[in-house]
Chemist: 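Structure below; questions to follow.
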Amino acid sequence: MSAATSTRQRLGRRAVNTVAGLGLLYVFLPIIVIVVFSFNDPVGKFNIEWQGFTLKHWADPFAEPELTRALWVSLRIAAVATVCATVLGSLIAVSLSRYDFRGRNGVNLFLVIPLTAPEIVLGSSLATLFIDRGVDFGYTTVIIAHIGFQVSFVAVTVRARIRGFDWTLEHAAMDLGATPMRAFWSITFPLILPGIAAAALLSFALSIDDFIITFFNAGSLLTFPLQIFGASRVKIPPQINVLATMLLMVSVSLMALGAAFGARRRKRHGVVAG
Amino acid sequence: MPTPMNRREFLIRSGLMGVGAMSIPAILSACGASDTASDTTGGSPGRSLYFENWPAYIDEETVKLFMAATGIEMKYTEAYNDNNEYFAKVQPLLAKGDKADPDLIAPTFWMASRYVKLGWAQKLPLDKIPNAANLRPDLKNPAWDPNGEFSLPWQTGIAGIAYNTKITGREIKGMADLFAPEFKGKIGMLTEMRDTMGLILMGEGKNIETISTFDEAAVGFEKLEKAKSDGQIRSFTGNDYMDDLNAGNFAACVAWSGDVVQLSRDNPDIKFVIPEEGGTSWYDTMIWLTGSENSDAVAQWINWCYDPVNAARITAFVAYMSPVAGVKDELVKLGGDAAAIAESPLLFPDEATLSRLQTWGPLSEDEEAKFDEAFAKITGA
Amino acid sequence: MRLDHATKRYGDFTAVHEANFGITHGEFFSLLGPSGCGKTTILKMIAGFEQPTTGRVLIGGDDVSAVPPHKRNVNTVFQQYALFPHMSVADNVAFGPRNHKIPESEVATRVAEMLSVVRLADFAVRRPAQLSGGQQQRVALARALVNYPSALLLDEPLAALDLKLREAMQIELKRIQRDVGIAFVFVTHDQGEALTMSDRIAVMSQGRVEQIGSPTEIYRRPATLFVAGFIGSANLLPGTVASSDAVEVRVSLAAGATVTVPGSQVAAGADVSAGAKVTVMVRPEQFVASASPSHGDSIKSSVTDVVFQGASVRLVARTGDGAEVAAVVAGDADVSFLRPGAGVHFGWRADAPYVLSGWPAVAGATTTDVDRVEAAL
Amino acid sequence: MGAPPAVTRKPDAVGLGVMTGLGVGMVALGAGWVSGPWAVLVAVAMLTVLVLLVWAGVGGGLEVRRAIAPYGLLKPGILWLSLFFLAPLWTMAVMSLSSKKSRFDFFPSFTWDWSNYSRALTDFAPQFGRSFLYAGIATVLTICIGYPLAYAVAFRGGRLRNVLMGLIVVPFFTSYLIRTLAWGNLLADAGPVVAALEAIRLDGPLNWLGIMDNGRLLNTPTAVIGGLTYNFLPFMVLPLYVSLEKIDPRLVDAAQDLYSSAAGAFRKVVLPLSLPGVFAGSLLVFIPAAGDFVNAQFLGNPGTTMIGNSIQDQFLRQLNYPLASAMSFVLMIIISVAVLLYSRYLDTEDLV
């Protein structure tokens, strides 16, 4: 290789890295703002201009009762919806990846359509149904709406994760005297669990953060994003930044935990089923 | 390859799923109603109260003092952000004849008149509200509630122009300044149609108290449309104009008096002015929604708020005009900042100022629809 | 254990057609055939993963056709072993006994015992991924055998191993089978493996069992052209029966010679009436090569290739009708006259040729690896 | 043994039929095709079918049970989607052809009122246009930003790949609205971005290019597109990373060994192999971006409203359900057609 090309290559490599570094900065810019302003000591209603450093919002992150209540609402909705959607979605994923049956492609398509419909369409159509059927908006409708978009998401994610799962393991278990139930719970389930857990975590995050679909189906119920939306028109307490930063830290540690667990698992099992 | 299941397992699986699936519609229709209701305050009727109000529209003390004084369990939330949006939230329930979550809400007068017209408001238990007599005489018996039995105002205010002297570098006097080319892209308008259009129309020399058809107002809409397409207007906002004003994104905007009084306490650069051409006056008013049975609590609450002492405490915080007579004296008694407020011409305008204010007259359903539609088209939504 | 006219159909496709045979206790029985011939389906019917569409599966005289796998007293060693990756070796082996609710103390004894049988006592706490292929294979064996099954089903268990290991494991498997004394049903597409280990072999093709017999039987007296070609290497020379009687059959070969075959060397049921299309099979090691026509029958051809293989020399030649034939001669024989292009005459002992019905798709030598077949016999 | 046999079994047809039937029944109940006693009848019929299915599963042999099993697992999820995805679409279609008797008629009646569609397509043509334009530009921008990111992580990340990928994704675990609001703060007239651009004297050229408007960024199309780009970036980076990570780096070596330049190796080897990721990412960015209204609301001006703002306004403020439904429907149809055309290039399984 000539010196010229190697220099050019090095330059090219550096260019890619620089662009990627700038990309990373871009990704983090607003996050830095959010975190920094959680330490701001604003005068008056708005947490926009930097006024001075304080830890007081961190000392009392739940000082805004409406915000805290909305966060609880969101957490509860996300928990219930995620559990339901994970069960429904995982069953679909298992069925799709384990069996070959008539209509499989149809089901695949059916699963993808909700993912390719814009949220506003999902939200408004579901709201139309509820209004048309005279169902009152509230917890139930929001949970139903969330399960709706989560099911497809979980099914597709889990299906991707268990693609290539060795279903002979279940045969082996039954061959060794395990009932189909036991074969599933003692062999298949622990092995596909990481995939399911990852999908569940992601769909939990989707649910907590969902705004558009929830906006149409919440009625007077206020979830965390809806509360923020309301607050954005009046006053944004620094606690929003604190809670957002806390959510961020929780998800980061969950991810780190997941990564560490995954690494240990890979080391111990070699074969990764999930 | 497929794996067989045993019979028991098959039974359990199919059965559960079948039953589960079948019962969804039942659950769907059954729990909808009960579930939202569970979110409201419990307790026996009459001893609990749910008031949904605009944000930052009360001091924190009043609700606590009220609960302590009466033993009524009160839920006070601030999710009333926008008249139209809130109407959309409760209408599916009220249109069906069901009860909405709150007992009391505080819509702006024109929206309150819609609730009354639709039959979604109950007559207030005025016999149990002796303090109703403290209502400012100029607010008594509005055209849409001639007997004053459906509504008692919460606060009243003025829509005018707020500006940030740091950006404008000069004083703003009237509506013409909002359309000045030097502020291109730095002007805010309110999504509240009556305030934005009211000021513009008054700027065009119209009397909004007498406007009853869209055609009479068309000139104002043209003016707004032109300003929008010229890029003069930066955005249409709700209460969040304060945010933009404070941050310097707006040089000037249509604004509500109380907000600006509050805001200028923290940021002296922010000023409020009633345009030379005149400003609009408006009021938000408490109405009691149908289906609510807490008549006692509603009466006690309104009575509490119409006590000048309590009203003065609220005024000291929100800085709007109180509908309650005698508040000025109570403010003076409170001393300090409150006493200073008592001197503010925005809270206690003199006759000359009052004469420059106009309030929108009633619009028929069809005409109102035309106004709303034209306005929505301009705001771009 | 018996398959009683068991047929398995998937839609229009018949995977197994009327399988009808028994396997006796303590026997090493192989199902041999190319992939897709239905041998694995037979194994699955015995294990219980598939149900025969018609016919029955009998174990110990009972009809178990509809009994699910976890209630059958047979165990399987899967192709890729199917070891549970999240369990230790010991837990893998203990999985079966635990399912049968055997007391934990006895499970421990049994597992230890079985691990020592497969010489993996030191690896009990490891995970399958930490073992080599051969070790994994032995875990799979132990995991199946620890249940004391009445028969062990092995689905191509050696396919994943490299050649050296495979040969070692063949011996190991045979040893274990002798030790435990139960029937092994062994599925393979590798004829060398089948010939090495089996007591009996069922050769299958396209869902049908072509022949069942001992390794020598199916090598020496294949029932069909398929078996002849599939097992070992053979020179399949198409011809027409010139005449036949009780003593011998005379066949005129397409390659241009007439062969006399003793009546005892005719496949059972083959049509040898005059004019019938038949194939004469001669194994490469049965050819005797010489520079000039010897006494007795022989075919003339010209040498195309001479491959020295140490113990033997492999000779490839082309006959007059263009068919390629192969011969194997001893490595120390004088082969100096065999130069590519030289003429050569292949003769044989009178009882060597063997007559089968029909004509092969391709005349001449089948391309199976000769040495391994020889070693097996 | 791993791969399912490529043959179909007869009882499949029964399972498929039963499931389709139940799904249709669900939609019927949900969308209100049937009501009153008929609804009860449909429910009873569905229940009967389920009982029969269970009975067949118990009575039938291994084969029947096995053929039914996959549908058994699918049933709950599919029924859920039938009820809460298909039925709403149907209701919305009906609503979009309904009309209101008066302004406050909250239960519009079905009248084949196509005027909703003509209004949606004429009055809101600019919003539709902007939605697709902004979403399109945002998609291209996410590729421009996301590709180098995913590439750097996949090929230069080494053992830190997962950590780096986590770093890229983590910011998106904070609330969508808060992130968008934070962009509002960053882009404000007196904010750091404008100040920085002015400091390096880029504001002039950017004004000239129309990227900045009179020295402003906030409340311009640039801010809206920037917000869309930012918020949907992970949907581009993840599929891109997945497809790039699968590429064996030795292929690049091989290409260079065969006299390709580094750029040539990228263009002829890496790029084509990563195209499925680009396709999948484009869909995942374009679709939600086209329907979004948050960015236009927080970062835009009255001239940058997108169709999502209009639908939301008509539905939640003007209470014009028929018009809002017609607009939603048009949006969905346009996007579905686009997706169908686009999906010729990729397998549905590649989507996530």
Side-chain angles (χ1 to χ4, degrees), chain A residues 9 12 16-17 19-20 23 27-31 33-34 48 88-89 91-92 94-95 99-103 107-109 112 114-121 124-126 128-129 132-133 144 148 151 155-157 160 166-168 205 209 211 225 228-229 232 240 244 247-248 251-252 255 259, chain D residues 1-2 4 8 12-13 16 30 32 69-70 73-74 76-77 80-81 84-85 87-89 91-92 95 145 148-149 151-152 156 162 166 168 170-171 173-179 181-183 185-186 233 262 283 287-288 290-291 294 308 311 315 321 324-325 328 331-332 335 339 348 351-352:
Chain A
Q9 281 202 348
V16 171
N17 288 351
V19 173
V27 163
F28 270 91
L29 214 51
I31 306 308
V33 173
I34 293 169
I48 291 169
L88 297 179
L91 285 176
I92 294 179
V94 167
S95 178
Y99 301 98
D100 184 28
F101 54 90
R102 221 173 277 190
V107 173
N108 268 326
L109 191 68
V112 173
L115 293 177
T116 60
E119 278 194 80
I120 194 148
V121 174
S124 63
S125 65
L126 201 52
T128 312
L129 177 83
D132 187 60
R133 304 274 81 203
I144 284 173
V151 166
V156 173
T157 316
D166 183 7
W167 295 102
T168 357
D209 199 24
F211 173 67
I228 294 170
F229 184 71
S232 76
I240 283 188
L247 277 181
L248 181 72
S251 35
V252 171
M255 271 179 67
Chain D
M1 284 203 69
T8 48
D12 267 14
L16 182 63
L73 295 177
L74 285 173
W80 185 276
L81 286 178
F84 295 119
F85 175 65
L89 285 185
T91 320
M92 197 171 77
M95 184 64 90
I145 298 168
L149 266 180
Y151 182 88
R156 311 271 158 75
N162 287 334
I168 292 173
V170 142
F173 280 86
T174 44
S175 170
Y176 174 44
L177 294 174
I178 299 180
R179 277 192 324 257
L181 287 169
W183 269 115
N185 291 354
L186 280 167
L233 185 63
L283 281 184
I287 294 165
V294 173
I311 295 174
F315 199 103
Y321 300 141
S325 296
S328 284
L331 177 66
M332 200 185 82
I335 286 185
V339 169
T348 51
L351 257 181
V352 171

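Below, read A as the first sequence line, B as the second, and so on, with proteins coming before strands; counting in each chain starts at 1.
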Chemist: What is the distance from atom CG of D209(A) to atom OG1 of T174(D), rounded to the nearest 0.5 Å?
Modeler: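 Reported value, rounded in 0.5 Å steps: 7.5 Å.
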Chemist: Let me know if V27(A) has heavy atoms under 4.5 Å from chain D in its side chain, its backbone, both or neither.
Modeler: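 Contact with chain D: backbone and side chain both.
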Chemist: Looking only at the side chains, is there a donor atom on one of T128(A) and T91(D) sitting less than 3.5 Å from an acceptor on the other?
Modeler: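 No, because no side-chain N or O of T128(A) sits under 3.5 Å from a partner of the opposite role on T91(D).
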Chemist: Applying side-chain hydrogen bond (donor to acceptor under 3.5 Å, both in side chains), name anything that partners S95(A), two or more places apart in sequence or on another chain.
Modeler: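 Scan of S95(A) (side-chain hydrogen bond (donor to acceptor under 3.5 Å, both in side chains), adjacent residues dropped) gives none.
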Chemist: Any non-hydrogen side-chain atom of L74(D) less than 4.5 Å from a side-chain atom of L91(A)?
Modeler: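 With C-beta onward as the side chain, the pair stays apart.
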Chemist: What I'd like to find out is whether the side chain of W183(D) reaches to under 4.5 Å of the side chain of V33(A), using heavy atoms alone.
Modeler: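 No; the side chains remain at least 4.5 Å from each other.
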Chemist: State, to 0.1 Å, how close N17(A) and R156(D) come at their nearest heavy-atom pair, and which atoms those are.
Modeler: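 Looking at all heavy atoms of both residues, the shortest contact is OD1-NH1, 3.2 Å.
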Chemist: Can you say whether A244(A) sits under 4.5 Å from chain D via the side chain, the backbone, both, or neither, judging by heavy atoms?
Modeler: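 For A244(A), the contact with chain D is made by backbone and side chain together.
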Chemist: Roughly how far, to the nearest 0.5 Å, is the OG atom of S175(D) from the CG atom of L247(A)?
Modeler: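 So the gap between those two atoms works out to 8.0 Å.
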Chemist: Once rounded to the nearest 0.5 Å, what's the spacing between atom CG of L129(A) and atom CE of M92(D)?
Modeler: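 If I round to the nearest 0.5 Å, the distance is 11.5 Å.
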Chemist: Quick check on F211(A) against chain D: is it the side chain, the backbone, both or neither that has a heavy atom closer than 4.5 Å?
Modeler: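 Contact with chain D: side chain only.
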Chemist: Between I168(D) and chain A, with a heavy-atom cut-off of 4.5 Å, which part of the residue counts as in contact: side chain, backbone, both or neither?
Modeler: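 Interface part for I168(D): both.
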